[in-house]
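Numbering of ligands and ligand atoms starts at 1, following listing order.
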Amino acid sequence: MGGRDATMVLLDENGIRCDGRKVDEPRRIMIKAGGLKNADGSAYIEFGDNKILVGVFGPRDVHPKHMSNTDTGILRVRYHMEPFSVGERKNPAPSRREIEISKVIKEALEPAVMLDKFPRTAVDVFIEVLQADGGTRCAALTAASVALADAGIPMRDLVAAIAAGKVADTVILDVNNEEDQAGQADMPIGYMPNLEKITLLQLDGVLTPEEYKKCVEVGVEGCKLVYDLQKKALHEKYFGNGGE
Ligand code: ADP
């Protein structure tokens, strides 16, 4: 919650947000499975103004060998923001934030991936944020799940992600950059709808216990919408339709 701008109207008298959305309305989401021919699996996502590409490689040998695990495979995730992905050029050196988000996404994906099916190997997930506009970790996690599925990695479920939050004392779905900067709370959620399990939950800001519960409910419902789009993207690639 940096740089609050007291003059910005985050929610008008008609319940409309700064980008014209209703409180429970996600941004436009477009997911495409595949696209990178040199990767074993890939996906591209547009989540509002976020644009993110994910490439998956593996399962493949681990170098150096002592990093491997004889009982299970390992998942490695690198989240990277292009210097041109934000208004003011980002320093190309890996930031603390990118290291944190890489770890958070890895831990959110691990419960979904059947790592025990490929011992001694690694699956690498490379996330390139081409354009960022708030909520990149959720968009990246959503696309990474699709890219892993596209790579044929055995999975228990897809992880779908979206953020709930609070602006003008109101719980909202899918927090954009302005709402993240000037709002009261941001709660990214990753959820496996089929298994009904949350694999990512972070909270930046302050919520009452009731608001907390409402944010989780709204976020989980949002994840179900995202999940439908993930499945549609995979259907489109493999069956030439959206699953209709
Ligand atoms: P998330 O993208 O998951 O919401 P943050 O809450 O850390 O993660 O970041 C919110 C937004 O702030 C990002 O989506 C991006 O639009 C913007 N942002 C992040 N890092 C920078 C940066 N170095 N310079 C400018 N804007 C940034």
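- In the vicinity of Asn177, heavy-atom distances shorter than 4.0 Å reach the ligand 1 atoms 11 (C), 12 (O), 16 (O), 17 (C).
- The pair Arg21-Asp19 meets the salt-bridge criterion, with a side-chain N (NZ, NE, NH1 or NH2) lying under 4.0 Å from an Asp/Glu carboxylate O.
- In terms of modelled atom types and a separation under 3.5 Å, the side chain of Ser42 and the main chain of Val54 share no donor-acceptor contact.
- The protein non-hydrogen atom at the shortest distance from atom 14 (O) of ligand 1 is Gly134 N, 2.7 Å.
- The shortest contact between atom 23 (N) of ligand 1 and any protein heavy atom is with Lys90 CG, 3.8 Å.
- In this structure a side-chain-to-backbone donor-acceptor pair under 3.5 Å is present from Thr142 to Ala161.
- Considering Glu88, Arg89, Arg97 only, the shortest heavy-atom separation from atom 19 (C) of ligand 1 involves Arg97.
- Ion pair Lys90/Glu98 flagged as a salt bridge, since at least one NZ, NE, NH1 or NH2 atom sits closer than 4.0 Å to an Asp/Glu carboxylate oxygen.
- Closest to atom 15 (C) of ligand 1, if we only count protein heavy atoms, is Ala132 CB, 3.7 Å.
- Comment: Arg78 engages Glu128 in a salt bridge, judged by a side-chain N to carboxylate O separation of less than 4.0 angstrom.
- Backbone and side-chain nitrogen or oxygen atoms of Arg137 are examined, and one is located within less than 3.5 angstrom of a nitrogen or oxygen of ligand 1.
- Of all the atoms in ligand 1, the ones that sit under 4.0 Å from a non-hydrogen atom of Asp133 are 14 (O), 16 (O).
- Not one N or O of Cys138 is nearer than 3.5 Å to an N or O of ligand 1, by distance alone.
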Let me check something: any side-chain donor-acceptor pairs from residues 30-41 under 3.5 Å, sequence neighbours excluded? List them with distances.
from  : atom 1 : to    : atom 2 : distance (Å)
Asp40 : OD2    : Gly58 : N      : 2.7

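- When the side chains of ILVMFWY residues are joined at heavy-atom separations under 4.5 Å, either directly or via intervening members, Val104 and Met81 end up in a single hydrophobic cluster.
- For Asp186, no nitrogen or oxygen atom sits less than 3.5 Å from a nitrogen or oxygen atom of ligand 1, counting backbone and side chain alike.
- The protein atom (non-hydrogen) at minimum distance from atom 4 (O) of ligand 1 is Gly135 N, 2.8 Å.
- In terms of protein heavy-atom proximity, atom 10 (C) of ligand 1 is closest to Asp180 OD2, 3.1 Å.
- Arg137 is linked by a side chain to side chain donor-acceptor pair (under 3.5 Å) to Glu100, Gln202, counting only residues two or more places apart in sequence or in another chain.
- Across Ile52, Val86, Thr136, heavy-atom proximity to atom 1 (P) of ligand 1 is greatest for Thr136.
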